[in-house]
Protein chains: 2
Amino acid sequence: MQFSKSTAYGLHALMLLAKSERGRNVGIKELSSSLGASESYLSKIMSKLRQDGLVRAVTGVNGGYELARAASEITFLDVVQVLEGRQHLYECFHGSDHPLPALEAAGDEPETPEFAFGEGCPVKQVMDAAEQQMNRYLQQHTIQLALNQAGSCDAHTACKK
Amino acid sequence: MQFSKSTAYGLHALMLLAKSERGRNVGIKELSSSLGASESYLSKIMSKLRQDGLVRAVTGVNGGYELARAASEITFLDVVQVLEGRQHLYECFHGSDHPLPALEAAGDEPETPEFAFGEGCPVKQVMDAAEQQMNRYLQQHTIQLALNQAGSCDAHTACKK
DNA sequence: ATATAATGGATATTACAGATCCATAATAAA
DNA sequence: TTTATTATGGATCTGTAATATCCATTATAT
Ligand code: SF4
Ligand code: SF4
């Protein structure tokens, strides 16, 4: 399980837009050369961000992108949810029937299974709550916040992963 | 981004082992029929869990699996890390050079970039900390804990996702 | 010995992220 | 109006990782 490259690109693109002076549109050429992503690929990502109302886009000469609202109003969670999707991280055996019927086979009452299923299921509860912990943190951190942090930072250490 | 099916299988398998009486080995046949996974696939998963010391396995007649330590000593994080790997959820532009050199192009001193990179980078800091929130929660919740929850649960609601 | 049961290597299959291409629409400027 | 510019969205290709199966081998109880 990993965040997609798209999320990394999206976050960085928004950081760049947040830095650019308000009112000025930043084109896909500029963004892609800064981020080292192809124009075609990055434009898909920007398009998604636009569809979800995080950025505005204007076509034509001097067109490009700008933030649709203040950087302090765009959370990391916003970006992650647009680019990773909004499904839960943990899904119970997609597509198939419930995997634990055999547990009931031994018992006599189908109404009192050994595990609880559905909403009350302890496995799913833990996994969903764990996801929630991460989401809460992402929601509390905005692009603006990260931008501020950048100001008070140490010397450059190249990231050549 | 989603947890793999393997993680779901692994968690459920451990729940089953935790329920089974101590000392009794549970075979792959029994597990796979309970979980609805193929024997071959599930055995790979069990093998990983064994290599990481979460379960013990014994071959041959009456062989099978049992927990290697108390269910109260096996956390959800243990399972997730074995089956999802231990890489960070967020990795900076794997393989390529750092994506933001253009930011420095405008400036004069390469030693004072507009963004901080590497360890101090605000983007990576937020993403890693978010992951940490989830991991902490997963570490605080054990198989035993989930098992206890199951006892105090409401009526069965089939999970036919 | 024999039947049982996990192991690990090899390999196939599938799904999805990553990536590119192109025809179209929208916009500003000449 | 024409032209150059720029984003859009559909189609499609590719590469990789998750999923899945097969089988030869090893280990163990009876
Ligand atoms: S037992 Fe719980 S976690 Fe497992 S499939 Fe059912 S509802 Fe989901
Ligand atoms: S700017 Fe930060 S998050 Fe982006 S690639 Fe560099 S170190 Fe990673």
Side-chain angles (χ1 to χ4, degrees), chain A residues 1-10 13 17 23-33 35-66 68 80 82-85 87 89-91 93-96 99, chain B residues 1-10 13 17 23-33 35-66 68 80 82-85 87 89-91 93-96 99:
Chain A
M1 185 173 59
Q2 293 244 136
F3 284 105
S4 68
K5 247 174 180 171
S6 293
T7 291
Y9 285 135
L17 294 188
R24 173 177 163 261
N25 287 322
V26 183
I28 196 69
K29 274 192 199 342
E30 191 175 341
L31 283 178
S32 69
S33 80
L35 299 183
S38 75
E39 297 180 23
S40 29
Y41 186 35
L42 191 58
S43 69
K44 299 289 186 198
I45 295 169
M46 296 310 295
S47 206
K48 274 194 190 177
L49 293 176
R50 184 190 62 83
Q51 285 167 28
D52 263 72
L54 299 195
V55 304
R56 269 190 296 269
V58 39
T59 59
V61 179
N62 295 329
Y65 303 92
E66 65 175 346
V80 165
V82 170
L83 296 172
E84 300 287 339
Q87 355 75 21
L89 293 189
Y90 177 84
E91 288 191 0
F93 301 90
H94 348 189
S96 64
Chain B
M1 186 172 61
Q2 293 243 137
F3 284 105
S4 68
K5 247 174 181 171
S6 293
T7 290
Y9 285 135
L17 294 187
R24 173 177 162 261
N25 287 322
V26 183
I28 197 69
K29 275 196 200 337
E30 192 174 341
L31 284 178
S32 68
S33 80
L35 299 182
S38 75
E39 297 181 24
S40 28
Y41 187 37
L42 191 58
S43 68
K44 299 289 186 199
I45 294 169
M46 297 311 295
S47 207
K48 275 195 189 175
L49 293 176
R50 185 190 61 83
Q51 285 167 29
D52 263 72
L54 299 196
V55 304
R56 268 190 297 268
V58 39
T59 59
V61 179
N62 294 329
Y65 304 92
E66 65 176 347
V80 165
V82 170
L83 297 173
E84 299 287 338
Q87 355 76 21
L89 293 189
Y90 177 85
E91 288 191 0
F93 300 91
H94 349 190
S96 64

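Within every chain, numbering begins at 1; the chains are lettered A, B, ... in the order of the sequence lines, protein sequences first and strands thereafter. Here the structure is a predicted model, which is why all the values come from computation and not from measurement.
Counting to the nearest Å, the C1' atom of D:dT6 and the CZ atom of A:Arg56 are 17 Å from each other. Between the P atom of C:dA19 and the CG atom of A:Leu35 lies a distance of 13 Å, rounded to the nearest Å. What separates CE of B:Met1 from C1' of C:dA15 is a distance of 18 Å, to the nearest Å. With rounding to whole Å, A:Glu39 atom CD is found 14 Å from C:dC22 atom C1'. Rounded to whole Å, the distance from NZ on B:Lys5 to P on D:dA18 is 14 Å. Summarising the geometry, the separation between NZ on B:Lys48 and P on C:dG9 is reported as 13 Å, rounded to the nearest angstrom. Following rounding to the nearest Å, B:Leu31 (CG) and C:dA5 (C1') show an atom-to-atom distance of 12 Å. Between A:Ile45 atom CD1 and C:dT20 atom P there is a gap of 12 Å when expressed in whole angstrom units.
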All N/O pairs under 3.5 Å across the protein-nucleotides 7-9 of chain D interface:
{"unit_1": "D:dA7", "atom_1": "OP1", "unit_2": "A:Ile28", "atom_2": "N", "d": "2.9"}
{"unit_1": "D:dT8", "atom_1": "OP1", "unit_2": "A:Arg50", "atom_2": "NE", "d": "2.4"}
{"unit_1": "D:dT8", "atom_1": "OP2", "unit_2": "A:Tyr65", "atom_2": "OH", "d": "2.7"}
{"unit_1": "D:dG9", "atom_1": "OP1", "unit_2": "A:Arg50", "atom_2": "NH2", "d": "3.4"}
{"unit_1": "D:dG9", "atom_1": "OP2", "unit_2": "A:Ser47", "atom_2": "OG", "d": "2.9"}
{"unit_1": "D:dG9", "atom_1": "OP2", "unit_2": "A:Gln51", "atom_2": "NE2", "d": "3.2"}
{"unit_1": "D:dG9", "atom_1": "N7", "unit_2": "A:Lys44", "atom_2": "NZ", "d": "3.3"}

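Looking only at distances, a side-chain donor or acceptor of A:Glu84 sits under 3.5 Å from a matching main-chain atom of B:Met1.
Look at B:Asn62 and you'll find a side-chain N or O under 4.0 angstrom from OP1 or OP2 of D:dT30. Proximity of A:Tyr41 to the phosphate of C:dG18: a side-chain N or O atom is located under 4.0 Å from OP1 or OP2.
Contact check for A:Val82 versus A:Leu49: side-chain heavy atoms found under the 4.5 Å cut-off. The closest side-chain heavy-atom distance from A:Leu31 to A:Tyr9 is not below 4.5 Å.
B:Lys44 contributes atom NZ, which lies 10.5 Å from atom OG of B:Ser38 (distance to the nearest 0.5 angstrom).
Residue whose closest nucleotide on DNA chain D sits further toward the 5' end, between B:Val61 and B:Glu84: B:Glu84.
Inspection of the B:Tyr41 and B:Ser6 side chains reveals an N or O donor paired with an N or O acceptor under 3.5 Å.
Minimum heavy-atom separation, A:Asn62 to A:Asn25: O-ND2, 3.5 Å. When all heavy atoms are compared, the tightest approach of B:Arg56 to B:Ala68 is NH1-O, 3.3 Å.
Residue-level contact check: A:Ser40 touches the bases, meaning some heavy atom is under 4.0 Å from a base atom.
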